[in-house]
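The block underneath contains the structure these notes are about, expressed in structure tokens.
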2 protein chains.
Amino acid sequence: MENARELFQIMTRRLGLLNKDCCSVSGINLSLAQSHLLHEVVRRDNPSMQQVAETLGTDVTTFSRQVQSLIKMDLVKKTPDPGDRRVFTLSLTEEGKRIAATIDQQMNSYLEEVFSYMTEFEKETVLRSVQLFNEAMGKSSRCCAPVTG
Amino acid sequence: MENARELFQIMTRRLGLLNKDCCSVSGINLSLAQSHLLHEVVRRDNPSMQQVAETLGTDVTTFSRQVQSLIKMDLVKKTPDPGDRRVFTLSLTEEGKRIAATIDQQMNSYLEEVFSYMTEFEKETVLRSVQLFNEAMGKSSRCCAPVTG
DNA sequence: CCTTTATAGTTGCACTTTGCAAATATAATC
DNA sequence: GATTATATTTGCAAAGTGCAACTATAAAGG
């Protein structure tokens, strides 16, 4: 078998995941962490800070500041939860939604371009593979944590 | 078709690529960038700083400092190129080789565990898909750069 | 109730990482 | 021999990080 690690190492690099600024939209530069934050807030329905921080595996204090900076950029809103006044609920501003959607489009268009070098069948295979792989990672006990030994 | 971006977003997150310290070996903690640096030096034969920096898409000045810190940790060696005295050639110390090999093992073992939730056929499909995808990214003009628009 | 304990979130601080601009040192060119 | 190009290193200043400590609210126990 091919060296699996080698394949994933190259993929990681080529996906540009090491780039500090992953996404730029109309003058706004976002880090990879910020784009994940936006993405996750869109996906969920008015999640609390804790929830999103935990999903992203970010320290809550760091997360708190990430949110602050996105609020300053007017992309994210923080709303006090009426049921529990300790909790703040996150949502995107109109601008935030626009930016998040644009990044989504850009990513998809980048992926589409990459897929254009494959046959339709290969593309479907790749997508199904990623899905399979994600599901398997979800089952793994070591999922989502740094590698340690 | 599934939302391709969504799939890759989750994969990125689950792969733990957002973690600051990706790899820990016997008390030594390495960042994702550092592990890529080691990996790339192993792969190539006594590459120059520039070469590796460019491959990794890192600013050379940042890269220079990353190397310095790995030298301090006694994982990397810098040797002046006899042919061109401006150039320094990178290699790993014995300890560096050991660490790099261990990280490689750990990653592979993590991947193996993930693959254990699939059939052998699925696993082979996934690996072939990643390979296909890497090749396609290599052909793309937008490969390896941050997403911009 | 009212005290204790738990939870959600924010700040202070010290440390690290980053990139740009500028500097140094060597090579190549004219 | 002077100019120009290349490889690498430093000086910043800005941004990101986690831990410990803090505030504010909620839940639990007597």
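Below, all heavy atoms of this structure are taken into account, side chains as well, without hydrogens, waters or symmetry copies. In what follows, every chain begins at residue 1, and chains take the letters A, B, ... in the order their sequences are listed.
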Residue mapping more 5' on DNA chain D - nearest nucleotide basis, A:Pro82 or A:Gln34: A:Gln34

Between B:Lys78 and A:Ser69, which is nearer to the 5' end of DNA chain D once each is assigned its nearest nucleotide? B:Lys78

So do A:Ser140 and B:Tyr117 actually touch side chain to side chain, heavy atoms under 4.5 Å? yes

B:Phe8 side chain reached by A:Tyr110 side chain, heavy atoms, under 4.5 Å: no

Within less than 4.0 Å of OP1 or OP2 of [N], is there a side-chain N or O belonging to [X]?
X	N	result
A:Thr62	D:dG18	yes
B:Gln66	C:dT18	yes
A:Gln68	C:dG9	no
B:Gln51	D:dA7	no

Can you tell me how far [atom2] of [N] sits from [atom1] of [X], to the nearest Å?
X	N	atom1	atom2	answer
B:Phe63	D:dA7	CZ	C1'	12 Å
B:Arg85	D:dA5	CZ	P	22 Å
A:Lys72	D:dA15	NZ	C1'	11 Å
B:Gln50	D:dA5	CD	C1'	12 Å
B:Asp59	C:dA22	CG	C1'	13 Å
A:Asn29	C:dT18	CG	C1'	14 Å
A:Leu30	D:dG16	CG	C1'	15 Å
B:Asp84	C:dT24	CG	P	20 Å

Between [Y] and [X], is the closest basic N to carboxylate O distance under 4.0 Å?
X	Y	value
A:Glu112	A:Lys123	yes
B:Arg44	B:Glu40	yes
B:Glu124	B:Arg128	no

Angle, rounded to 10°, between the helical axes spanning five pairs at each terminus of the helix from C:dC1-D:dG30 to C:dC30-D:dG1? 10°

Determine whether a donor-acceptor pair (one donor, one acceptor, N or O, separation below 3.5 Å) exists between the side chain of B:Arg86 and the base of D:dT8. no

Side chain of A:Arg65, base of C:dG9: donor and acceptor closer than 3.5 Å? no

Tell me every residue that passes side chain to side chain contact (heavy atoms under 4.5 Å, CB included) with B:Glu54, counting only those two or more places apart in sequence or in another chain. none

Give a yes-or-no answer on whether the side chains of A:Asn29 and A:Ser24 include a donor-acceptor pair shorter than 3.5 Å. yes

Whichever of A:Thr61 and A:Val87 has the more 5' nearest nucleotide on DNA chain C, that residue is A:Val87

